[in-house]
Amino acid sequence: MSTARAPGTRSAATTGTSAKKAATRKRGAKTRRPADRPDTGRGARRTGLLTAMLRIRRFEERCVELYSAAKIRGFVHLYIGEEAVAVGVNEALGPEDAVVSTYREHGHALARGIPAEAVMAEMHGRTTGCSGGRGGSMHLFDASRRFYGGNAIVAGGLPLAAGLALADRMRGQEHVTCCFFGDGAFAEGEFHETANLAALWNLPLLLVCENNLYAMGTGIERHEAQTDLAMRAASYGMVAWAVDGMDVEAVEDAARRATEAVRAGAGPHFLELRTYRFRAHSMYDPDRYRDRTEVEQWKGRDPIGRLTERMRENGELEDAELARIERQVTDEIDRAVDAAAEAPEEPVENLLRHVTSASISSAEVR
Amino acid sequence: MAGDGRPEERGTTYRQAMREALREALRSDDRVFLMGEDVGRYGGCFGVSLGLLEEFGPARVRDTPLSESGFVGAGIGAALAGMRPVVEVMTVNFSLLALDQILNNAATLLHMSGGQLPVPLVIRMTTGAGRQLGAQHSHSLEGWYAHIPGLRVLAPATVEDARHMLAPALADPDPVLIFEHVTLYNASGEIAPSTAPVDLDHAVTRRPGTDISLITYGGSLPKALAAADELATEGIDAEVIDLRTLRPLDDAAVTASVARTHRAVVIDEAWRTGSLAAEISARIAEEAFYELDAPVERVCSAEVPIPYARRLEEAALPQTADIVAAAHRTVG
């Protein structure tokens with residue numbers, strides 16, 4: 001049984017507030033071919049994208065091993081297959097911009113620059129983890145990088161993102177808040193409340209919907225009456241379009257255009273990134289609800305494979321260079337795993353720390 | 001003194017006192033802004049923010065759509081980014097639509113992030129019954145919020161507390177919920193010209209006494225004080241403790257009072273089952289059991305959705321006569 005549509009994306013622009021605007025968006029929505037880009041530095045840029053995606057892929061493959069070895073526990077939601085989204089979007093963001101993420105956020109965190117060591121230590125529940133061992137896989141935070149989690153309530157991060165954007169706007173700062181969420185969030189009131197509020201107040205918010213076609217085990221045709229998510233977002237009066245989420249350069253291109261517009265004061269923008277997770281929803285999920293051929297078809301569009309192929313065709317990637325990148329990434333993850341295994345666990349005496357600000361420096365709690 | 005040089009009115013209402021507190025906060029700190037349903041042009045559902053839009057403009061007195069989760073969450077996000085939002089939710093019943101944001105984000109982010117993300121947010125809302133508003137506008141659910149680690153929960157019961165609790169609430173680095181009892185808005189009282197900010201960590205003795213402790217908060221305080229007056233005519237000298245802060249509870253004040261009087265009645269407008277009154281009774285049993293000369297009594301609302309009809313509503317709520325009767329049972 002396959003409830004999801006076949007792989008492939010419509011580069012459909014969506015309805016807007018005026019026909020003229022919609023037409024502009026439609027033209028703009030077409031993915032620029034790589035050939036349209038100036039050649040200068042293209043190879044190096046692609047190498048950067050490839051490295052970032054491979055880091056996430058190999059990190060998560062290692063997570064699977066560590067989970068099987070009971071070094072990591074709890075829920076672990078793998079991003080494998082969706083790496084182009086985190087990496088492409090992050091390319092468009094600056095260090096002063098804010099990011100709000102979901103429980104499937106290893107990729108967002110690593111792309112944002114949170115060291116693999118800090119993420120791995122967090123998953124090991126160690127005191128050196130990016131949330132001090134209190135968050136785990138679903139709750140990665142890094143205030144210094146304006147990475148605001150790691151929200152495990154579907155759509156729960158959206159109102160928060162609107163508030164971050166509101167604060168930046170009230171203080172006249174030209175930052176963008178980028179909020180990731182999945183297709184499942186469209187069924188939650190918090191998505192719609194936030195979309196309305198953001199459009200009403202013209203907030204500098206980039207809404208990034210990772211449409212991987214499943215809300216846990218429920219296919220999008222079974223959870224949304226209208227599956228054209230970009231069109232629905234546009235109904236709030238914001239610019240919205242759908243992008244091939246399996247092509248990191250298409251994602252980057254769309255994210256750059258959206259982010260520039262948001263930064264320039266054009267109000268919230270919405271990107272529907274059509275993507276797919278190659279693995280099950282979580283480590284507990286037997287994945288009985290997806291057709292094998294559907295999964296295999298999408299694996300044929302692996303964003304890492306596609307970029308590698310494109311680079312080879314253009315003579316931008318030698319075998320030796322790919323091997324070097326793989327080695328670099330593997331070394332980084334090896335170091336992260338070793339460091340996490342050796343890192344101290346938080347003493348139980350500190351159990352009540354951080355419940356309130358007053359309890360940060362002492363064990364007292366109210 | 002008000003900021004414009006006029007002497008602040010000394011005789012004032014709870015509503016005016018709360019408005020003056022908001023005005024002062026907006027004047028003294030650029031990071032403060034007020035946000036909620038009808039807080040701007042309408043002047044606030046209960047008239048608290050009347051005139052503030054004209055004085056501070058629409059960026060700082062923001063009317064929101066009817067999206068409790070959306071604008072409470074936005075308040076949390078703005079607080080994370082360094083602002084000091086005051087979010088008004090019309091009633092505690094409506095706040096249930098924002099419960100996800102209050103519990104899963106506001107109360108949790110500091111801990112879940114390993115101490116990186118404090119949420120300096122104030123959320124104000126009305127609570128309680130007594131105005132025949134029926135079951136969806138009249139409940140007292142502050143006890144639910146007092147259950148949650150990471151929150152501070154306040155219940156200003158007097159005009160002075162309405163005036164002077166907001167500033168320390170805004171100075172708290174963590175989320176603070178302020179519950180304003182709906183029957184108190186028209187209460188009037190005196191405000192001393194140079195009152196210090198309220199100490200949010202401690203309960204206050206509203207009436208000293210030696211024979212029995214009446215422990216209460218918020219909208220039940222006037223009833224407890226009236227009961228104490230009535231008991232005095234019978235020669236029973238009741239002490240009235242106003243908890244002020246429902247989380248963290250000032251156990252020491254409660255225990256000290258019980259150690260003086262050896263008898264306690266807890267008055268709480270919420271339902272009795274699983275209530276703050278239950279919590280306080282348990283703490284007295286844990287910490288002052290051997291001080292007690294009689295079992296702790298509780299006066300709470302009847303276990304019924306608060307009805308509309310006046311006679312039924314009055315019968316559902318703790319009344320002065322109920323408190324007096326409970327005191328009689330205790331004194332025996």
Side-chain angles (χ1 to χ4, degrees), chain A residues 98 100 122 127 129-136 139-144 146 148-153 155-171 173 175 177 188-190 192-198 200-201 203 346 352-360 365-366, chain B residues 30-31 33 35 59-60 62-85 87 97-98 100-101 103-121 148-153 172-175 201 245 247-250:
Chain A
V100 177
E122 185 58 34
T127 191
C130 59
S131 308
R134 285 160 175 81
H139 305 300
L140 306 173
F141 292 90
D142 188 340
S144 69
R146 298 202 78 199
Y148 293 99
N151 202 304
I153 307 295
L158 280 150
L160 201 120
L164 290 161
L166 172 64
D168 284 339
R169 182 157 175 269
M170 287 181 78
R171 292 188 299 194
Q173 287 162 331
H175 308 327
T177 296
E188 295 281 3
E190 288 186 318
H192 299 278
E193 292 190 11
T194 304
N196 179 52
L197 197 69
L200 185 70
W201 289 355
L203 298 179
E346 187 82 352
L352 301 182
R353 258 192 201 170
H354 308 310
V355 175
T356 66
S357 296
S359 64
I360 281 176
V365 72
R366 41 193 194 231
Chain B
D30 286 345
R31 300 171 303 172
F33 68 98
M35 165 163 73
R60 298 186 68 204
R62 307 185 77 94
D63 282 320
T64 65
L66 308 190
S67 306
E68 283 81 3
S69 194
F71 67 76
V72 169
I76 297 166
L80 286 174
M83 300 297 280
R84 291 291 181 274
V87 175
L97 294 161
D100 166 47
Q101 289 299 323
L103 171 55
N104 288 318
N105 282 332
T108 306
L109 279 169
L110 179 70
H111 182 259
M112 204 163 62
S113 67
Q116 294 178 79
L117 298 178
V119 181
L121 169 71
I148 301 171
L151 300 180
R152 184 185 281 278
V153 180
D172 193 309
D174 300 319
D201 287 328
T245 297
R247 185 183 187 94
L249 279 171
D250 184 358

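Here is the naming used below: chain letters follow the sequence lines, and residue numbers restart at 1 for every chain.
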Region of B:T108 that comes under 4.5 Å of a non-hydrogen atom in chain A: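 Looking at B:T108, nothing touches chain A.
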Using heavy-atom distances under 4.5 Å, tell me whether B:D250 contacts chain A through its side chain, its backbone, both, or neither.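 Looking at B:D250, nothing touches chain A.
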Leading residue by heavy atom contact count with chain B [cutoff under 4.5 Å; candidates [options]]:
options	answer
A:L160, A:T177, A:D142, A:L197	A:L160
A:A167, A:G149, A:G136, A:G133	A:A167
A:G132, A:A152, A:S131, A:A98	A:S131

Could you go through the side-chain contact (heavy atoms from CB on, under 4.5 Å) check for B:L109 and A:F141 one step at a time? CA-CA 9 Å; B:L109 279 169; A:F141 292 90; 3.6 Å; yes
Please check if the side chain of B:Q116 supplies one atom and the backbone of A:C130 the other of a donor-acceptor pair under 3.5 Å.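 Yes, B:Q116 side chain to A:C130 backbone: donor-acceptor pair under 3.5 Å.
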Strictly distance-based, threshold 3.5 Å: is any side-chain N or O of B:N105 a donor or acceptor partner for the main-chain N or O of A:G156?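 The answer is yes, because a donor-acceptor pair under 3.5 Å joins these two groups.
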Mind listing the closest non-hydrogen atom pair of [X] and [Y] along with its distance?
X	Y	result
A:T356	B:G150	CG2-CA, 4.3 Å
A:A358	B:D174	N-OD2, 4.3 Å
B:L80	A:Y148	CD1-CD2, 4.0 Å
B:H111	A:R353	CD2-O, 3.1 Å
A:L164	B:G77	CD2-O, 3.3 Å

Do B:I76 and A:P159 have side chains that approach each other closer than 4.5 Å (heavy atoms only, starting at C-beta)?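 SC-SC contact between B:I76 and A:P159 ruled out.
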Can you tell if the side chain of A:L200 reaches within under 4.5 Å of the side chain of B:P65, non-hydrogen atoms only?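 Yes, at least one pair of side-chain atoms sits under 4.5 Å.
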To the nearest 0.5 Å, how far apart are [atom1] in [X] and [atom2] in [Y]?
X	Y	atom1	atom2	value
B:S67	A:H192	OG	NE2	11.5 Å
B:L97	A:E193	CG	CD	7.5 Å
A:M170	B:R60	CE	CZ	7.0 Å
A:E190	B:Q101	CD	CD	4.5 Å

Assess whether side-chain contact (heavy atoms from CB on, under 4.5 Å) is satisfied between B:M35 and A:L166, documenting all intermediate values. CA-CA 12 Å; B:M35 165 163 73; A:L166 172 64; 4.2 Å; yes
Select one option (side chain, backbone, both, neither) describing which atoms of A:L203 are under 4.5 Å from chain B's heavy atoms.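 Neither part.
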Option that, when pairs with chain A are counted at under 4.5 Å, heavy atom only, ranks first among B:A81, B:G82, B:P118: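 When all of B:A81, B:G82, B:P118 are compared, B:A81 has the most.
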Do A:N151 and B:N104 have side-chain atoms, one donor and one acceptor, less than 3.5 Å apart?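 There is no such pair between these side chains.
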